[in-house]
4 protein chains.
Amino acid sequence: MKNNKPKYMQIIDAAVVIIAQNGYHQAQVSKIAKQAGVADGTIYLYFKNKEDILVSLFQEKMGTFIEKIEEEIAGKPSAAEKLLTLIEKHFELLAADHHLAIVTQLELRQSNLELRIRINEVLKGYLKLIESIIHTGKETGEFRQDLDVRLARQMIFGSIDETATTWVMNDQKYDLAALAKSVHTLLVKGCGTAHL
Amino acid sequence: MKNNKPKYMQIIDAAVVIIAQNGYHQAQVSKIAKQAGVADGTIYLYFKNKEDILVSLFQEKMGTFIEKIEEEIAGKPSAAEKLLTLIEKHFELLAADHHLAIVTQLELRQSNLELRIRINEVLKGYLKLIESIIHTGKETGEFRQDLDVRLARQMIFGSIDETATTWVMNDQKYDLAALAKSVHTLLVKGCGTAHL
Amino acid sequence: MKNNKPKYMQIIDAAVVIIAQNGYHQAQVSKIAKQAGVADGTIYLYFKNKEDILVSLFQEKMGTFIEKIEEEIAGKPSAAEKLLTLIEKHFELLAADHHLAIVTQLELRQSNLELRIRINEVLKGYLKLIESIIHTGKETGEFRQDLDVRLARQMIFGSIDETATTWVMNDQKYDLAALAKSVHTLLVKGCGTAHL
Amino acid sequence: MKNNKPKYMQIIDAAVVIIAQNGYHQAQVSKIAKQAGVADGTIYLYFKNKEDILVSLFQEKMGTFIEKIEEEIAGKPSAAEKLLTLIEKHFELLAADHHLAIVTQLELRQSNLELRIRINEVLKGYLKLIESIIHTGKETGEFRQDLDVRLARQMIFGSIDETATTWVMNDQKYDLAALAKSVHTLLVKGCGTAHL
DNA sequence: GATGAATGAGTATTCATTCAT
DNA sequence: AATGAATGAATACTCATTCAT
């Protein structure tokens, strides 16, 4: 009967499920508490308020996300391979947790501006990772020397994110991970033919 | 289809101002009515409910948006030039209306899922436009024959959108339109060097 | 069916009844609204918040209270008669409204310090009235020349208030107004015999 | 009757400090426990519930209060001197403990009616003491024979209490004890001149 | 005796929408 | 057409008290 899982993660995992199932605006604290198997008041022993649950959720999940991708990337010799790995892992991790995919791609974006700014703080770690790959590519000569790093980063993140969001909005019907290679090719080569 | 009663656009324009100034969640119907110079109840003579104001807002503004871009594109001979024009116009139109930029890039995304799905319906016209350019490019040989049209469209839209959102979140400090050429080059050539 | 009584006073009167019947801490806004025959939200068209109902209640009732007493006192020639009239009216007005007596003598004193400070602001008008009678008495020679006005005021108000509170705590069992003369004699002559 | 366990008084003294510093409604059990240096649960080994802390606080402090005043009064030959001593001691004891003064004159009065009724039970001992002085005065001929004992008691207690409360609400800025003689004179002689 | 993590009941306030005028 | 007063559903958070250790 005893659940040794620390209540902190228990509540965060419950929040993911409840938000994915009910939507952001129908995810009441009492529902999350019930799903976590604790009393409403217990939530407030671990989180300052409701917003704190959501920011913590994003920090914990995104933190794990970035860590895993960093580990995988470290071993790859070229920027192209690093980028491919990043896209593959990103898609694989989303596909592996359908609830989390809904929460991060759709529901959490309904939060108010203040919360989204705090979420963006967490995202910065991921954007830095993308930028480091771009730098590597410019150093190895794989990428163009005149590449604007910020713009390239926006293209890479925007493309990955749009692809993932479209996939979630289509009810995760198709195999997201299978798209990684094509997205990678697009990002490296662009739409044009090589000789242009 | 467009409602020609003057109060209709009066209310939509008021909504843009109020949402940009107060944020999505602080944009009460009564505030919009006051800004539009009408009584609260009058709103409901022109719109079914609050959501209808927002969807109509997006339809009206995005409709104009697409029309203008379509006109400009029509005259361009190549897919590359069409794409460049689309990016340029997109950035120019956003830069020309600071309020609208805030509303479409930040505030309207906080709306609930149902509303966002209806907004996406409106967006489809724009996405079709992008896809038609991609088709053109494949036909003229400018773009790769094995290009996945949907993925290419997601890359193009995702990159443009991410670039615009980053610009708004940075308080529209720099010249967005000036980035059009670089974004275009990135989308056509990708990050890699030509010979790869 | 139409009730022409302005809702503002309707709500204040409802608050007096509900607080007297249920006690300060059991006087929920929804109960007051129901008693007043309006919707919960209507309360907030007339009052900023719950505290505002209570302060307004005290202002309205105490304002009437002070006005009535001032009118009666104005015609009295001597300080002694003015004081007697003040005590009589004070006791009569409390005895005339059992609900109000409970609310002002018992329930409103449970409010938090901030509210009580605002209530004290209203009370100041009454205390000024008492002080003006004391000044009159010193001028006419009825009262001792070395009388400390503030202390005398504290004795007069303290005695009246303590007498009223004791009466309410004894469930208003006896005739409060009948005590006015004795209280007046006590305040003018003190406990001691005249020759001391 | 007094609980001799050291933690009992430790908790009561902590309650006085916490209530004086934070106000009645911000004096949570957990704050009192922390100030007393015990765990929250330990409170409930010494007190039945929170109300019991407050009633016990009043009993302990008021008990000491009454005892000290009784001792001092016993030696005085006349009712006038007894009354003067009572007022002096009352004011001196309040002035000696600023925290206690705030708690008894302001904060404890915000408690709910039930608690205040229990506090009044404790107060009865003090009121009896005042009545015994009045009886003495009537017997010795110092006080008027037609004095209504209850009314005289209400005047005496009301005046002392109002004077003390006003002093606390003025942040204990002036010397309360210095007012004892004047208050005493007022109570014995009243406001009027001797020959009236 | 002592601890402190866990409990769960209870309520003021906002705002989209209506409808009598 | 236009008004705007009235409606009423819906929800995060606190804190006194308990009880397993």
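Letters A, B, ... are given to chains in the order of the sequence lines, protein chains preceding strands, and every chain is numbered from 1.
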Over how many whole Å does the gap from [X] atom [atom1] to [N] atom [atom2] extend?
X       : N      : atom1 : atom2 : value
A/Phe47 : E/dA6  : CZ    : P     : 12 Å
C/Leu54 : E/dA12 : CG    : C1'   : 13 Å
B/Lys31 : E/dT14 : NZ    : P     : 12 Å
B/Ile53 : E/dC15 : CD1   : P     : 15 Å
C/Gln10 : F/dA5  : CD    : P     : 16 Å
C/Ile32 : E/dT11 : CD1   : C1'   : 12 Å

Any D/Tyr46 side-chain nitrogen or oxygen under 4.0 Å from OP1 or OP2 of E/dA2: yes

B/Lys7 side chain near F/dA2 phosphate (N/O to OP1/OP2, under 4.0 Å): yes

DNA chain F: 5'-proximal contact among B/Ala39 and C/Ile43 (nearest heavy atom): B/Ala39

Could you give the side-chain donor-acceptor pairs of residues 32-40 of chain B under 3.5 Å, partners two or more places apart or in another chain?
none

With a cut-off of 3.5 Å and sequence neighbours excluded, list every side-chain donor-acceptor pair involving residues 113-121 of chain D.
residue	atom	partner	partner atom	Å
D/Arg116	NH1	C/Leu106	O	3.2
D/Arg116	NH2	C/Leu106	O	3.2
D/Arg118	NH1	D/Glu51	OE2	3.0
D/Glu121	OE2	D/Lys124	NZ	3.3

Test ring-ring contact (aromatic ring centres under 6.0 Å, His included) applied to B/His25 - qualifying residues, sequence neighbours left out: A/His25

With sequence neighbours excluded, residues passing ring-ring contact (aromatic ring centres under 6.0 Å, His included) with A/Phe47: A/Tyr8

Under 4.0 Å protein heavy-atom contacts per nucleotide of nucleotides 10-20 of chain F, with B for base, S for backbone only and - for none: -SSBBSSBB--

Audit row: A/Ile102, A/Ile19, side chain to side chain contact (heavy atoms under 4.5 Å, CB included) steps and yes/no: CA-CA 8 Å; A/Ile102 293 171; A/Ile19 295 174; over 6 Å; no

Residues in side chain to side chain donor-acceptor pair (under 3.5 Å) contact with B/Ser111, at least two apart in sequence or another chain: none

Partners meeting side chain to side chain donor-acceptor pair (under 3.5 Å) with D/Gln59 (sequence neighbours left out): none

Donor-acceptor pair between D/Gln28 and D/Lys31 side chains, under 3.5 angstrom: yes

Terminal axis angle for the helix from E/dA2-F/dT21 to E/dT21-F/dA2, five pairs an end, nearest 10 degrees: 10°

Salt bridge (Lys or Arg N to Asp or Glu O under 4.0 Å) contacts in which one or both residues fall within residues 12-27 of chain B, not counting sequence neighbours: B/Asp13-B/Lys61

